[in-house]
> 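The structure under discussion is supplied below as C-alpha coordinates; questions concerning it will follow.
Sequence lines set the chain letters: A, B, ... in the order given, protein chains first and strands last, and positions in each chain run from 1.
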Amino acid sequence: MPELPEVEVFVRRLQAIVGSTIIRAEVLDERLDLDGSLLDQAAITSVKRRGKNIVIGLGHRGDLVVHLRMSGRLRLHRSEVEVKYTRLILHLDSGDSVYFVNPRRLGTAAYYPSGFKANLGIEPLSRGFTASRLSQVAALSRSPIKPFLLDQQKIAGIGNIYASEALWRSRISPERAASNLKQDEVARLHKNIVSVLNEAIDGQGTSIGTRVSDYHPSVGEQGKFQNHLSVYGRETEPCERCGNAIARLKQSGRSTYYCKECQT
DNA sequence: ACATTATCCTGCACGC
DNA sequence: TGCGTGCAGGATAATG
(Lines give C-alpha, C1' and ligand atoms only; values in the text may rest on other atoms or scores of the structure.)
Protein backbone atom coordinates (compact mmCIF):
# COMPACT_ATOMS: atom_id res chain seq x y z
CA MET A 1 0.00 0.00 0.00
CA PRO A 2 2.22 2.62 -1.32
CA GLU A 3 2.98 6.18 -0.41
CA LEU A 4 5.55 8.41 -2.06
CA PRO A 5 8.64 6.34 -1.12
CA GLU A 6 7.12 3.04 -2.28
CA VAL A 7 5.91 4.60 -5.54
CA GLU A 8 9.38 6.07 -6.02
CA VAL A 9 10.93 2.62 -5.61
CA PHE A 10 8.61 1.20 -8.30
CA VAL A 11 9.36 4.11 -10.61
CA ARG A 12 13.11 3.71 -10.26
CA ARG A 13 12.89 0.03 -11.08
CA LEU A 14 10.75 0.83 -14.10
CA GLN A 15 13.40 3.05 -15.67
CA ALA A 16 14.48 -0.07 -17.57
CA ILE A 17 11.42 0.22 -19.84
CA VAL A 18 12.32 3.67 -21.15
CA GLY A 19 13.08 3.26 -24.84
CA SER A 20 10.80 0.26 -25.24
CA THR A 21 7.59 0.22 -27.25
CA ILE A 22 4.26 -1.12 -26.11
CA ILE A 23 3.29 -3.91 -28.51
CA ARG A 24 0.02 -4.64 -26.82
CA ALA A 25 -1.77 -3.40 -23.69
CA GLU A 26 -3.78 -6.27 -22.27
CA VAL A 27 -6.61 -4.99 -20.09
CA LEU A 28 -7.75 -7.74 -17.75
CA ASP A 29 -10.23 -5.82 -15.61
CA GLU A 30 -13.30 -4.36 -17.25
CA ARG A 31 -13.56 -1.85 -14.44
CA LEU A 32 -10.39 -0.15 -15.60
CA ASP A 33 -11.26 2.94 -17.60
CA LEU A 34 -8.74 2.17 -20.31
CA ASP A 35 -8.89 1.23 -23.97
CA GLY A 36 -5.73 -0.80 -24.48
CA SER A 37 -5.76 -0.37 -28.26
CA LEU A 38 -4.96 3.32 -27.80
CA LEU A 39 -1.53 2.33 -26.54
CA ASP A 40 -0.58 0.15 -29.52
CA GLN A 41 2.94 0.85 -30.74
CA ALA A 42 3.42 3.72 -28.29
CA ALA A 43 7.06 4.33 -27.45
CA ILE A 44 7.90 4.88 -23.78
CA THR A 45 9.99 8.01 -23.37
CA SER A 46 9.96 8.38 -19.59
CA VAL A 47 8.69 6.96 -16.32
CA LYS A 48 8.18 9.53 -13.60
CA ARG A 49 6.45 9.99 -10.29
CA ARG A 50 4.10 12.85 -9.50
CA GLY A 51 2.83 12.57 -5.95
CA LYS A 52 1.70 8.96 -5.78
CA ASN A 53 1.00 8.79 -9.51
CA ILE A 54 3.21 6.81 -11.87
CA VAL A 55 3.39 8.71 -15.15
CA ILE A 56 4.52 6.68 -18.15
CA GLY A 57 5.46 9.20 -20.83
CA LEU A 58 4.59 8.22 -24.40
CA GLY A 59 6.12 11.20 -26.19
CA HIS A 60 3.64 13.02 -28.42
CA ARG A 61 1.11 10.28 -27.64
CA GLY A 62 0.60 11.62 -24.14
CA ASP A 63 0.81 9.78 -20.82
CA LEU A 64 -0.38 6.57 -19.25
CA VAL A 65 -0.92 7.23 -15.55
CA VAL A 66 -1.19 4.51 -12.94
CA HIS A 67 -2.27 5.17 -9.37
CA LEU A 68 -1.78 2.23 -7.02
CA ARG A 69 -4.13 3.43 -4.28
CA MET A 70 -4.27 1.02 -1.34
CA SER A 71 -3.18 -2.27 -2.81
CA GLY A 72 -1.61 -1.91 -6.24
CA ARG A 73 1.84 -2.57 -7.58
CA LEU A 74 3.48 -1.96 -10.93
CA ARG A 75 6.36 -4.14 -11.83
CA LEU A 76 8.61 -5.23 -14.63
CA HIS A 77 8.78 -8.93 -15.44
CA ARG A 78 11.39 -10.37 -17.76
CA SER A 79 9.09 -13.14 -18.89
CA GLU A 80 5.41 -13.98 -18.86
CA VAL A 81 4.30 -15.04 -15.41
CA GLU A 82 1.06 -15.94 -13.75
CA VAL A 83 0.34 -13.37 -11.04
CA LYS A 84 -2.94 -13.29 -9.19
CA TYR A 85 -4.88 -10.05 -9.40
CA THR A 86 -3.11 -8.87 -12.53
CA ARG A 87 -5.38 -6.25 -14.09
CA LEU A 88 -3.22 -4.87 -16.89
CA ILE A 89 -0.16 -6.08 -18.77
CA LEU A 90 1.93 -3.91 -21.05
CA HIS A 91 3.69 -6.23 -23.47
CA LEU A 92 6.88 -4.56 -24.67
CA ASP A 93 8.97 -5.08 -27.79
CA SER A 94 11.94 -5.92 -25.56
CA GLY A 95 10.14 -9.07 -24.47
CA ASP A 96 9.62 -7.63 -20.99
CA SER A 97 6.18 -6.93 -19.57
CA VAL A 98 4.86 -4.44 -17.09
CA TYR A 99 2.30 -5.90 -14.69
CA PHE A 100 -0.27 -3.81 -12.92
CA VAL A 101 -1.40 -5.99 -10.03
CA ASN A 102 -4.30 -4.55 -8.13
CA PRO A 103 -5.93 -6.94 -5.62
CA ARG A 104 -8.56 -4.62 -4.24
CA ARG A 105 -9.21 -3.01 -7.60
CA LEU A 106 -9.00 0.44 -6.09
CA GLY A 107 -6.03 1.41 -8.21
CA THR A 108 -6.50 3.21 -11.50
CA ALA A 109 -4.88 3.30 -14.92
CA ALA A 110 -5.86 6.10 -17.27
CA TYR A 111 -4.64 7.35 -20.61
CA TYR A 112 -4.20 11.08 -21.23
CA PRO A 113 -3.60 11.65 -24.97
CA SER A 114 -2.74 15.30 -24.37
CA GLY A 115 -0.64 14.73 -21.29
CA PHE A 116 -1.36 14.38 -17.58
CA LYS A 117 -2.20 17.54 -15.67
CA ALA A 118 -2.30 16.74 -12.00
CA ASN A 119 -4.25 18.78 -9.53
CA LEU A 120 -1.62 18.24 -6.88
CA GLY A 121 0.34 20.25 -4.38
CA ILE A 122 4.08 20.68 -4.20
CA GLU A 123 6.49 17.75 -4.37
CA PRO A 124 8.01 17.41 -0.89
CA LEU A 125 11.34 16.27 -2.32
CA SER A 126 11.61 19.13 -4.81
CA ARG A 127 13.79 22.20 -4.37
CA GLY A 128 10.72 24.35 -4.11
CA PHE A 129 9.59 22.64 -0.92
CA THR A 130 11.08 24.85 1.76
CA ALA A 131 10.09 25.63 5.32
CA SER A 132 8.73 28.98 4.24
CA ARG A 133 6.72 27.36 1.48
CA LEU A 134 5.26 24.87 3.96
CA SER A 135 4.54 27.76 6.28
CA GLN A 136 2.66 29.61 3.53
CA VAL A 137 0.49 26.62 2.64
CA ALA A 138 -0.17 25.67 6.26
CA ALA A 139 -1.17 29.22 7.16
CA LEU A 140 -4.17 28.90 4.85
CA SER A 141 -5.62 25.83 6.55
CA ARG A 142 -7.31 25.49 9.90
CA SER A 143 -7.45 21.74 9.38
CA PRO A 144 -5.63 19.58 11.94
CA ILE A 145 -2.07 19.07 10.77
CA LYS A 146 -2.36 15.30 10.26
CA PRO A 147 -5.26 15.42 7.76
CA PHE A 148 -3.55 18.46 6.26
CA LEU A 149 -0.48 16.38 5.49
CA LEU A 150 -2.65 13.77 3.76
CA ASP A 151 -4.22 16.39 1.48
CA GLN A 152 -2.57 15.75 -1.88
CA GLN A 153 -3.51 19.20 -3.13
CA LYS A 154 -1.39 20.76 -0.41
CA ILE A 155 1.65 18.47 -0.49
CA ALA A 156 1.76 15.54 -2.91
CA GLY A 157 2.80 12.08 -1.83
CA ILE A 158 2.59 11.90 1.95
CA GLY A 159 0.35 9.09 3.21
CA ASN A 160 -0.85 7.71 6.49
CA ILE A 161 2.40 6.17 7.68
CA TYR A 162 4.76 9.02 6.94
CA ALA A 163 2.35 11.70 8.18
CA SER A 164 2.33 10.10 11.63
CA GLU A 165 6.07 9.53 11.56
CA ALA A 166 6.94 13.09 10.50
CA LEU A 167 4.73 14.54 13.25
CA TRP A 168 6.27 12.30 15.88
CA ARG A 169 9.78 13.32 14.82
CA SER A 170 8.67 16.93 15.01
CA ARG A 171 7.03 16.54 18.44
CA ILE A 172 3.84 18.08 17.08
CA SER A 173 0.39 16.83 18.06
CA PRO A 174 -1.61 15.59 15.05
CA GLU A 175 -4.57 17.60 16.31
CA ARG A 176 -2.90 20.99 16.10
CA ALA A 177 -4.41 23.32 13.54
CA ALA A 178 -2.07 23.68 10.56
CA SER A 179 -2.36 27.45 10.67
CA ASN A 180 -1.42 27.58 14.35
CA LEU A 181 2.00 26.01 14.06
CA LYS A 182 4.82 28.24 15.18
CA GLN A 183 7.73 28.99 12.90
CA ASP A 184 10.14 26.62 14.62
CA GLU A 185 7.54 23.86 14.52
CA VAL A 186 7.01 24.35 10.80
CA ALA A 187 10.76 24.27 10.35
CA ARG A 188 11.03 20.97 12.21
CA LEU A 189 8.11 19.50 10.33
CA HIS A 190 9.59 20.51 7.01
CA LYS A 191 12.92 18.92 7.86
CA ASN A 192 11.31 15.72 9.12
CA ILE A 193 8.96 15.29 6.17
CA VAL A 194 11.99 15.40 3.90
CA SER A 195 14.12 13.16 6.10
CA VAL A 196 11.50 10.49 6.70
CA LEU A 197 10.63 10.26 3.01
CA ASN A 198 14.27 10.08 1.96
CA GLU A 199 15.10 7.48 4.59
CA ALA A 200 12.13 5.39 3.50
CA ILE A 201 13.24 5.54 -0.13
CA ASP A 202 16.75 4.53 0.92
CA GLY A 203 15.20 1.58 2.76
CA GLN A 204 13.20 0.55 -0.32
CA GLY A 205 9.96 1.48 1.43
CA THR A 206 7.90 0.02 4.26
CA SER A 207 6.78 -3.62 4.11
CA ILE A 208 4.27 -4.56 6.79
CA GLY A 209 1.64 -7.25 7.06
CA THR A 210 1.08 -10.57 5.37
CA ARG A 211 -1.60 -9.73 2.83
CA VAL A 212 -1.30 -10.16 -0.91
CA SER A 213 -1.88 -6.45 -1.13
CA ASP A 214 1.09 -5.61 1.05
CA TYR A 215 3.98 -3.72 -0.41
CA HIS A 216 7.16 -5.42 -1.60
CA PRO A 217 9.79 -3.59 -3.63
CA SER A 218 10.07 -6.65 -5.87
CA VAL A 219 9.10 -10.29 -5.81
CA GLY A 220 10.41 -11.94 -2.67
CA GLU A 221 11.99 -8.76 -1.36
CA GLN A 222 11.06 -6.71 1.69
CA GLY A 223 11.40 -3.03 2.28
CA LYS A 224 13.37 -2.08 5.37
CA PHE A 225 11.73 1.02 6.72
CA GLN A 226 9.19 -0.90 8.83
CA ASN A 227 12.14 -1.41 11.18
CA HIS A 228 12.43 2.33 11.65
CA LEU A 229 8.83 3.26 12.37
CA SER A 230 8.49 5.10 15.65
CA VAL A 231 4.70 5.25 15.98
CA TYR A 232 2.83 3.80 13.02
CA GLY A 233 1.20 0.50 13.96
CA ARG A 234 2.70 0.66 17.46
CA GLU A 235 -0.33 1.45 19.60
CA THR A 236 0.32 0.67 23.31
CA GLU A 237 4.06 0.27 22.76
CA PRO A 238 6.30 2.69 24.66
CA CYS A 239 7.37 5.86 22.94
CA GLU A 240 11.07 5.52 22.22
CA ARG A 241 11.58 9.13 23.26
CA CYS A 242 9.62 9.38 26.53
CA GLY A 243 8.33 5.89 27.33
CA ASN A 244 4.67 6.86 27.30
CA ALA A 245 2.32 4.43 25.52
CA ILE A 246 1.72 5.23 21.87
CA ALA A 247 -1.91 6.12 21.24
CA ARG A 248 -4.15 5.82 18.22
CA LEU A 249 -6.86 8.18 17.17
CA LYS A 250 -9.15 8.53 14.18
CA GLN A 251 -8.95 11.63 12.04
CA SER A 252 -10.99 11.91 8.88
CA GLY A 253 -11.58 8.18 9.03
CA ARG A 254 -7.88 7.31 9.18
CA SER A 255 -5.81 6.01 12.06
CA THR A 256 -3.24 8.39 13.49
CA TYR A 257 -0.51 7.09 15.79
CA TYR A 258 1.19 9.47 18.17
CA CYS A 259 2.58 10.07 21.63
CA LYS A 260 0.31 12.22 23.77
CA GLU A 261 3.17 13.01 26.10
CA CYS A 262 5.86 14.41 23.87
CA GLN A 263 3.83 15.57 20.87
CA THR A 264 2.24 18.82 21.92
C1' DA B 1 -13.44 25.88 4.34
C1' DC B 2 -13.82 22.43 7.22
C1' DA B 3 -15.20 17.45 9.24
C1' DT B 4 -17.66 13.31 8.59
C1' DT B 5 -19.43 9.46 6.26
C1' DA B 6 -20.03 6.36 2.62
C1' DT B 7 -18.14 4.33 -1.31
C1' DC B 8 -15.14 1.86 -4.32
C1' DC B 9 -12.96 -3.52 -3.53
C1' DT B 10 -10.72 -7.76 -1.44
C1' DG B 11 -8.59 -10.35 2.12
C1' DC B 12 -7.32 -11.14 6.64
C1' DA B 13 -7.43 -11.15 11.83
C1' DC B 14 -10.28 -11.51 15.56
C1' DG B 15 -14.00 -12.95 18.76
C1' DC B 16 -17.71 -15.99 19.50
C1' DT C 1 -15.22 -24.68 11.02
C1' DG C 2 -18.14 -20.90 10.18
C1' DC C 3 -19.96 -16.27 10.72
C1' DG C 4 -20.00 -11.50 11.77
C1' DT C 5 -17.23 -7.37 12.44
C1' DG C 6 -13.62 -4.30 11.71
C1' DC C 7 -9.58 -2.98 9.57
C1' DA C 8 -6.06 -1.83 5.72
C1' DG C 9 0.05 2.24 2.94
C1' DG C 10 -5.98 6.02 -0.92
C1' DA C 11 -9.07 9.21 -3.02
C1' DT C 12 -13.48 11.16 -3.90
C1' DA C 13 -18.28 12.52 -3.71
C1' DA C 14 -22.06 13.67 -0.93
C1' DT C 15 -23.73 15.81 3.24
C1' DG C 16 -23.70 18.93 7.24
Side-chain angles (χ1 to χ4, degrees), chain A residues 1-11 28-33 49-54 65-74 83-88 100-110 116 118-121 124 137-167 174-180 193 196-197 199-201 203-217 222-236 248-257:
Chain A
M1 304 180 184
E3 305 182 29
L4 184 154
E6 291 76 25
V7 175
E8 180 67 25
V9 170
F10 286 133
V11 164
L28 299 164
D29 181 353
E30 72 288 346
R31 287 190 79 264
L32 282 183
D33 182 25
R49 180 188 57 73
R50 177 74 177 97
K52 298 170 193 167
N53 295 276
I54 299 170
V65 179
V66 174
H67 195 302
L68 304 172
R69 295 280 182 101
M70 294 283 265
S71 68
R73 43 194 201 265
L74 192 70
V83 182
K84 212 176 175 186
Y85 310 112
T86 300
R87 314 294 189 191
L88 169 70
F100 177 32
V101 179
N102 189 23
R104 287 171 63 185
R105 303 168 86 195
L106 297 172
T108 57
F116 178 56
N119 188 21
L120 291 170
V137 184
L140 300 174
S141 173
R142 282 151 42 201
S143 170
I145 189 65
K146 160 61 164 39
F148 171 90
L149 292 175
L150 294 185
D151 185 341
Q152 301 299 298
Q153 301 191 57
K154 305 229 162 36
I155 306 168
I158 301 173
N160 213 31
I161 293 179
Y162 302 112
S164 282
E165 293 299 315
L167 287 169
E175 301 187 282
R176 293 277 301 284
S179 57
N180 279 357
I193 287 170
V196 78
L197 293 176
E199 288 169 32
I201 292 171
Q204 304 291 308
T206 298
S207 295
I208 46 183
T210 57
R211 296 189 262 279
V212 279
S213 54
D214 292 334
Y215 165 80
H216 298 273
Q222 293 266 313
K224 296 186 190 71
F225 200 73
Q226 66 278 9
N227 302 318
H228 303 279
L229 299 176
S230 297
V231 283
Y232 186 86
R234 305 187 63 158
E235 188 180 12
T236 74
R248 178 161 71 129
L249 103 126
K250 278 246 186 261
Q251 293 178 292
S252 305
R254 314 292 305 280
S255 286
T256 300
Y257 296 88

> Would you say Leu4(A) and Ile201(A) make side-chain contact, with heavy atoms under 4.5 Å?
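Yes. Closest side-chain heavy atoms under 4.5 Å.
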> Would you mind telling me which of dG10(C), dA3(B), dA8(C) lies closest to the side-chain atoms of Tyr257(A)?
dA8(C)
> Rounded off to whole Å, could you give me the CG-to-P distance for the Asp151(A) and dA3(B) pair?
10 Å
> Could you summarise the pairing of DNA chain B as dot-bracket text, marking Watson-Crick and G-U pairs under 3.5 Å with ( ) or [ ] inside the strand and | across strands?
.|||||||.|||||||
> Base, sugar-phosphate, or nothing for Ser141(A), non-hydrogen atoms under 4.0 angstrom?
sugar-phosphate
> How would you label the contact of Asn102(A) with the nucleic acid (heavy atoms, under 4.0 Å): base, sugar-phosphate, or nothing?
nothing
> What integer distance in Å separates Arg142(A):CZ from dA1(B):P?
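The distance from CZ of Arg142(A) to P of dA1(B) comes to 10 Å, rounded to the nearest Å.
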> Quick one: is His67(A) getting a side-chain N or O under 4.0 Å of the dG10(C) phosphate, OP1 or OP2?
no
> Report the nucleotide, chosen from dC2(B), dA8(C), dA11(C), that has the shortest atom-to-atom distance to any side-chain atom of Arg69(A).
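Nearest nucleotide to the side chain: dA11(C).
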> Can you measure Lys250(A) atom NZ to dG10(C) atom C1' for me and round it to whole angstrom units?
14 Å
> With a sphere of 6.0 Å drawn around CG of Asp33(A), does it hold more than 12 non-hydrogen atoms of other residues, nucleotides or ligands?
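No, CG of Asp33(A) has 12 or fewer neighbouring heavy atoms, counting only those of other groups under 6.0 Å.
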> With a non-hydrogen cut-off below 4.0 angstrom, is Ile208(A) in contact with a base, only sugar-phosphate, or nothing?
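Base contact - Ile208(A) has a heavy atom under 4.0 Å of at least one base atom.
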> May I ask you to verify whether the side chain of Arg105(A) and the base of dC9(B) hold a donor-acceptor pair under 3.5 Å?
no
> Are the side chains of Ser179(A) and Leu140(A) in contact, using a 4.5 Å heavy-atom criterion?
no
> Picking from dA11(C), dA8(C), dC8(B), which would you name as closest to the side chain of Tyr232(A)?
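Per side-chain heavy atoms of Tyr232(A), the pick is dA8(C).
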> Can you see which heavy atom on Val196(A) is nearest to which on Tyr162(A), and at what distance?
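That closest heavy-atom pairing would be CG2-CD2, 4.1 Å.
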> Expressed as a whole number of Å, how far does the P atom of dC3(C) sit from that of dC8(B)?
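It comes out at 23 Å once rounded to the nearest Å.
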> Provide the distance between the two P atoms, one in dT4(B) and one in dC7(C), to the nearest whole Å.
16 Å
> Please tell me if Ser252(A) has a side-chain N or O lying less than 4.0 Å from either OP1 or OP2 of dC2(B).
no
> Could you check whether the side chain of Arg211(A) and the base of dA8(C) have a donor-acceptor pair of N or O atoms closer than 3.5 Å, going by distance alone?
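When only heavy-atom distances are counted, Arg211(A) does not reach the base of dA8(C) through any donor-acceptor pair under 3.5 Å.
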> Could you tell me how far apart Arg254(A) (CZ) and dC7(C) (P) are, to the nearest whole angstrom?
13 Å
> Using whole Å, what does the distance between atom P of nucleotide dA8(C) and atom CD of Gln226(A) come to?
18 Å
> Can you tell me how far C1' of dA11(C) sits from CZ of Arg50(A), to the nearest Å?
16 Å
> Kindly indicate whether the side chain of Val66(A), heavy atoms from C-beta on, has any atom under 4.5 Å from the side chain of Lys52(A).
no
> Can you confirm whether or not the ring centre of Tyr215(A) sits under 6.0 Å from the ring centre of Phe10(A)?
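Under 6.0 Å, so yes.
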> Evaluate the side-chain proximity of Phe116(A) to Asn53(A): yes if any heavy-atom separation is below 4.5 Å, no if none is.
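Of all side-chain heavy-atom pairs linking Phe116(A) with Asn53(A), at least one is under 4.5 Å.
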> Identify whether any heavy atom of Ser71(A) sits under 4.0 Å from a base atom; if not, whether one sits that close to sugar-phosphate; answer base, sugar-phosphate or nothing.
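Counting heavy atoms under 4.0 Å across all strands, no contact is made by Ser71(A).
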> Within the 4.0 Å heavy-atom criterion, would you say Gln251(A) contacts the bases, only the backbone, or no part of the nucleic acid?
nothing
> Counting heavy atoms from C-beta on, name the nucleotide in dG10(C), dC7(C), dC12(B) closest to the side chain of Arg248(A).
dC7(C)
> May I ask you to say what Glu3(A) touches in the nucleic acid, namely base, sugar-phosphate or nothing, with a heavy-atom cut-off under 4.0 Å?
sugar-phosphate
> Can you measure Arg73(A) atom CZ to dG11(B) atom P for me and round it to whole angstrom units?
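Interatomic distance, CZ of Arg73(A) to P of dG11(B): 12 Å.
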> To the side chain of Arg104(A), which of dA11(C), dA8(C), dG10(C) is closest?
dA8(C)
> At under 4.0 Å between heavy atoms, what does Thr108(A) touch on the DNA or RNA strands: base, sugar-phosphate, or nothing?
nothing
> Please tell me if the side chains of Leu32(A) and Thr108(A) come closer than 4.5 Å, counting only heavy atoms from C-beta onward.
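A side-chain contact under 4.5 Å is absent here.
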> Can you tell whether the side chains of Arg105(A) and Glu30(A) come within less than 4.0 Å, N to carboxylate O?
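Between Glu30(A) and Arg105(A) there is a salt bridge, with a charged N closer than 4.0 Å to a carboxylate O.
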> When the C1' atoms of dG2(C) and dC9(B) are considered, how many whole Å apart are they?
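Pairwise C1' distance, dG2(C) against dC9(B), rounds to 23 Å.
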> From the list dA13(B), dC9(B), dG10(C), which nucleotide is the closest neighbour of the side chain of Lys52(A)?
dG10(C)
> Both Thr210(A) and Lys154(A) contact DNA chain B. Taking the nearest nucleotide for each, which residue is further toward the 5' end?
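Looking at DNA chain B, the more 5' nearest nucleotide goes with Lys154(A).
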> If you look at every strand shown and take non-hydrogen atoms under 4.0 Å, does Pro103(A) touch a base, only sugar-phosphate, or nothing?
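Sugar-phosphate, backbone atoms only, no base.
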> For the pair made of CD1 in Ile155(A) and P in dA11(C), what is the distance, rounded to whole Å?
13 Å
> Compare the minimum distances between each of dA3(B), dC8(B), dT10(B) and the side chain of Pro144(A), then state the nucleotide with the smallest one.
dA3(B)
> Would Gln153(A) and Asn119(A) count as having a side-chain donor-acceptor pair, cut-off 3.5 Å?
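Distance-only check passes for Gln153(A) and Asn119(A).
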